[in-house]
Amino acid sequence: MARLAQTAGLTDIQQEILSTVRDFVDKEIIPVATELEHRDEYPQQIVDGLKELGLFGLMIPEEYGGLGESLLTYALCVEEIARGWMSVSGIINTHFIVAYMLKQHGTEEQKEYFLPRMAAGEIRGAFSMSEPALGSDVSAITSKAVKDGEEYVLNGQKMWLTNGGTSTLVAVLVKSDEGHSPEEAAAKPHKSMTTFLVEKEPGFGEVRPGLTIPGKIDKMGYKGVDTTELIMDGLRIPANRVLGGVTGRGFYQMMDGVEVGRVNVAARGCGVAQRAFELGVSYAQQRHTFGKAIAQHQAIQFKLAEMATKVEAAHAMMVNAARKKDSGERNDLEAGMAKYLASEYCKEVVEDAFRIHGGYGFSKEYEIERLYREAPMLLIGEGTAEIQKMIIGRRLLEEYRFQG
């Protein structure tokens with residue numbers, strides 16, 4: 001809705017970019033999203049359109065062929081895209097995180113090699129931290145890299161890899177005890193992790209010697225985008241594909257990427273919530289009971305008021321987190337709060353819109369049914385609500401340390 005989730009202080013260029021993306025969403029995504037989602041079909045035509053718009057290079061610096069835009073501009077674009085279909089925002093999110101990690105932490109050779117082709121959408125990025133048995137405990141990863149001459153040999157199994165099949169570059173976090181004794185590695189596991197830049201062919205099966213991408217994981221929602229495992233069995237990677245050229249920095253590189261990823265997930269929550277509100281307020285004015293539109297019933301008006309307030313609050317926190325990161329300041333507190341609030345409010349707004357639709361909300365003919373299955377992914381993606389609360393709580397104790 002035009003009256004909700006407006007952002008003050010945008011430049012003319014930012015407004016033009018957002019207007020272009022909003023128009024693309026309304027014309028090219030919303031009309032086909034539900035049909036493609038029900039078929040679990042990869043939206044190739046939509047992705048091609050995003051390439052033409054330059055969105056794959058939105059935050060990549062101009063010297064590497066990108067548009068050099070801010071995190072705020074990117075987040076607002078994601079909000080618009082998720083309003084159309086959240087899966088499409090997922091397709092560009094992991095690509096964006098890898099490009100950001102390269103920009104921030106890559107060697108100059110790595111930047112010159114990867115970023116121009118990533119900006120053009122020729123190389124598509126994905127990143128991989130999680131494993132089948134560890135959940136939120138990143139320090140417990142067991143995938144490992146062992147140096148062998150001028151190469152590293154990687155072994156292990158990774159899980160929940162968004163764009164696992166369609167990507168051609170994966171940033172993979174593994175343990176590498178090089179330079180640490182077993183005792184040091186056990187005491188400080190975060191200091192013995194390394195991010196490797198793994199190039200591969202798109203598709204499923206063995207996509208390069210030693211690297212297998214099994215078929216797509218069947219999910220409740222978030223369909224269209226491929227989510228996979230990644231299995232490394234004697235995968236050989238040259239030393240110049242260690243992100244930043246130095247081992248032992250992988251955990252911090254990944255956390256930096258995830259921090260901006262949390263702003264992205266917050267933006268997705270804002271976009272889905274906006275769409276749910278649009279659907280709810282529209283249906284409430286069309287559906288009649290007891291001789292009048294249900295929007296005229298006080299109970300429905302109260303519900304719409306709560307939904308709109310949540311959309312506004314989540315958007316404001318997301319914008320604040322993005323602007324804090326753009327300023328160069330630490331934003332883990334703001335990003336954690338924005339991700340937590342936006343994902344929780346998204347779930348609540350979608351459920352309220354679902355309730356407004358009554359029995360029709362349970363029908364696959366209505367768009368709200370798709371949103372109802374998509375919203376739960378935001379509760380766990382890029383860190384659960386419990387992880388966000390831990391981050392928020394620790395940062396608050398740093399800021400409000402008791403002086404006694």
Side-chain angles (χ1 to χ4, degrees), residues 14 17-18 20-26 28-30 32-33 36-37 41-61 64-103 114-128 160-171 202 222-228 257-272 275 318 322 325 339 342 374 377-378 381-382:
Q14 288 175 313
I17 291 172
L18 287 176
T20 301
V21 172
R22 188 178 300 118
D23 186 60
F24 181 84
V25 168
D26 287 338
E28 305 296 335
I29 297 182
I30 289 177
V32 300
L36 291 174
E37 197 271 349
E41 181 177 327
Y42 186 79
Q44 186 60 57
Q45 187 171 341
I46 293 173
V47 171
D48 291 341
L50 295 177
K51 287 182 184 179
E52 292 182 13
L53 292 178
L55 288 194
F56 283 97
L58 191 62
M59 276 190 68
I60 293 175
Y64 299 109
L67 298 179
E69 272 296 329
S70 64
L71 176 60
L72 175 62
T73 307
Y74 180 81
L76 293 174
C77 288
V78 166
E79 184 178 39
E80 292 292 343
I81 292 169
R83 175 181 154 269
W85 184 13
M86 192 179 76
S87 292
V88 178
S89 65
I91 289 171
I92 61 174
N93 180 43
T94 53
H95 174 89
F96 149 73
I97 291 177
V98 177
Y100 173 84
M101 290 168 61
L102 273 162
K103 181 185 74 170
F114 288 112
L115 288 180
R117 289 189 289 163
M118 294 186 79
E122 297 171 5
I123 290 179
R124 299 274 302 286
F127 79 106
S128 180
W160 305 118
L161 182 63
T162 302
N163 290 326
T166 50
S167 61
T168 53
L169 172 65
V170 185
Y222 198 43
K223 294 179 180 289
V225 58
D226 48 290
T227 305
T228 74
V258 168
E259 193 172 282
V260 292
R262 285 180 180 138
V263 176
N264 177 285
V265 173
R268 285 199 244 179
C270 292
V272 174
R275 185 59 181 166
M318 179 272 290
K325 187 73 172 178
K339 192 276 175 185
E374 288 179 340
M377 197 285 291
L378 297 172
E382 252 80 324

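Numbers for residues simply follow the sequence, beginning at 1.
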Participant: With under 30° as parallel and over 60° as perpendicular, where do the rings of Phe56 and His95 fit, or are they tilted in between?
Facilitator: perpendicular

Participant: Given side chains that start at C-beta, do those of Thr162 and Tyr222 come closer than 4.5 Å, heavy atoms only?
Facilitator: yes

Participant: Is there a side-chain contact between Lys51 and Glu122 in this structure, where contact means two heavy atoms from C-beta onward sitting under 4.5 Å apart?
Facilitator: no

Participant: Do Val98 and Leu102 touch side chain to side chain, with heavy atoms closer than 4.5 Å?
Facilitator: yes

Participant: Do you know the tightest heavy-atom contact between Ala75 and Met318?
Facilitator: CB-SD, 3.7 Å

Participant: Testing the basics here: between Pro43 and Val88, what is the closest heavy-atom pair and its distance to 0.1 Å?
Facilitator: CG-CG2, 4.3 Å

Participant: Could you give the distance from CG (Leu67) to CD1 (Ile17), rounded to the nearest 0.5 Å?
Facilitator: 6.0 Å

Participant: Let me see the working for Leu50 and Phe24 under side chain to side chain contact (heavy atoms under 4.5 Å, CB included), right down to the final yes or no.
Facilitator: CA-CA 9 Å; Leu50 295 177; Phe24 181 84; 3.9 Å; yes

Participant: Report the C-alpha distance between Trp85 and Val32 in whole Å, list the side-chain angles of each, state the deciding distance to 0.1 Å, and finish with yes or no for side chain to side chain contact (heavy atoms under 4.5 Å, CB included).
Facilitator: CA-CA 9 Å; Trp85 184 13; Val32 300; 6.0 Å; no

Participant: Given side chain to side chain contact (heavy atoms under 4.5 Å, CB included), test Asn163 with Thr166 step by step and report yes or no.
Facilitator: CA-CA 5 Å; Asn163 290 326; Thr166 50; 3.6 Å; yes

Participant: Quick one: closest heavy-atom pair of Asn93 and Gly261, and the distance?
Facilitator: OD1-CA, 4.5 Å

Participant: What is the minimum heavy-atom distance between Ala99 and Met118, and which atoms define it?
Facilitator: N-CE, 3.8 Å

Participant: Just verifying a value: how many Å separate Ile60 CD1 and Leu115 CG, rounded to the nearest 0.5 Å?
Facilitator: 5.0 Å

Participant: Would a distance-only check, ignoring hydrogens and angles, find a side-chain to backbone donor-acceptor pair under 3.5 Å from Asn264 to Val78?
Facilitator: no

Participant: Taking it one step at a time, do Glu37 and Lys223 satisfy salt bridge (charged side-chain N to carboxylate O under 4.0 Å, His left out)?
Facilitator: CA-CA 6 Å; Glu37 197 271 349; Lys223 294 179 180 289; 5.8 Å; no

Participant: Does any non-hydrogen side-chain atom of Leu378 lie less than 4.5 Å from one of Met86?
Facilitator: yes

Participant: So do the side chains of Val21 and Ile81 get within less than 4.5 Å of each other, counting heavy atoms only?
Facilitator: yes

Participant: Taking everything shown except Gln45 itself, do over 12 heavy atoms lie less than 6.0 Å from its CD?
Facilitator: no

Participant: Starting at OG1 of Thr168, measure out to CZ of Arg117 and round the result to the nearest 0.5 Å.
Facilitator: 8.0 Å

Participant: Any side-chain heavy atom of Leu76 within less than 4.5 Å of one from Gln14?
Facilitator: no

Participant: How about Glu382 and Ile97: do any of their side-chain heavy atoms sit closer than 4.5 Å?
Facilitator: yes

Participant: For the atom pair OG (Ser87) and OH (Tyr42), what is the distance rounded to the nearest 0.5 Å?
Facilitator: 11.0 Å

Participant: Taking the side chain as everything from C-beta on, heavy atoms only, tell me whether Val263 gets closer than 4.5 Å to Lys325.
Facilitator: no

Participant: Salt bridge check: are Arg262 and Glu259 linked by an N-O gap of less than 4.0 Å?
Facilitator: no

Participant: What do the steps show when you test Leu71 against Tyr100 for side chain to side chain contact (heavy atoms under 4.5 Å, CB included), and what is the final call?
Facilitator: CA-CA 10 Å; Leu71 176 60; Tyr100 173 84; over 6 Å; no

Participant: First locate atom CD of Glu79, then atom OG of Ser89, and finally report the distance between them rounded to the nearest 0.5 Å.
Facilitator: 11.0 Å

Participant: Where is the tightest heavy-atom contact between Leu18 and Cys77, given as atom of each residue plus distance?
Facilitator: CD2-N, 3.7 Å

Participant: Using every non-hydrogen atom in the two residues, find where Arg124 and Ile91 come nearest and quote the distance to one decimal.
Facilitator: NH2-CG2, 3.3 Å

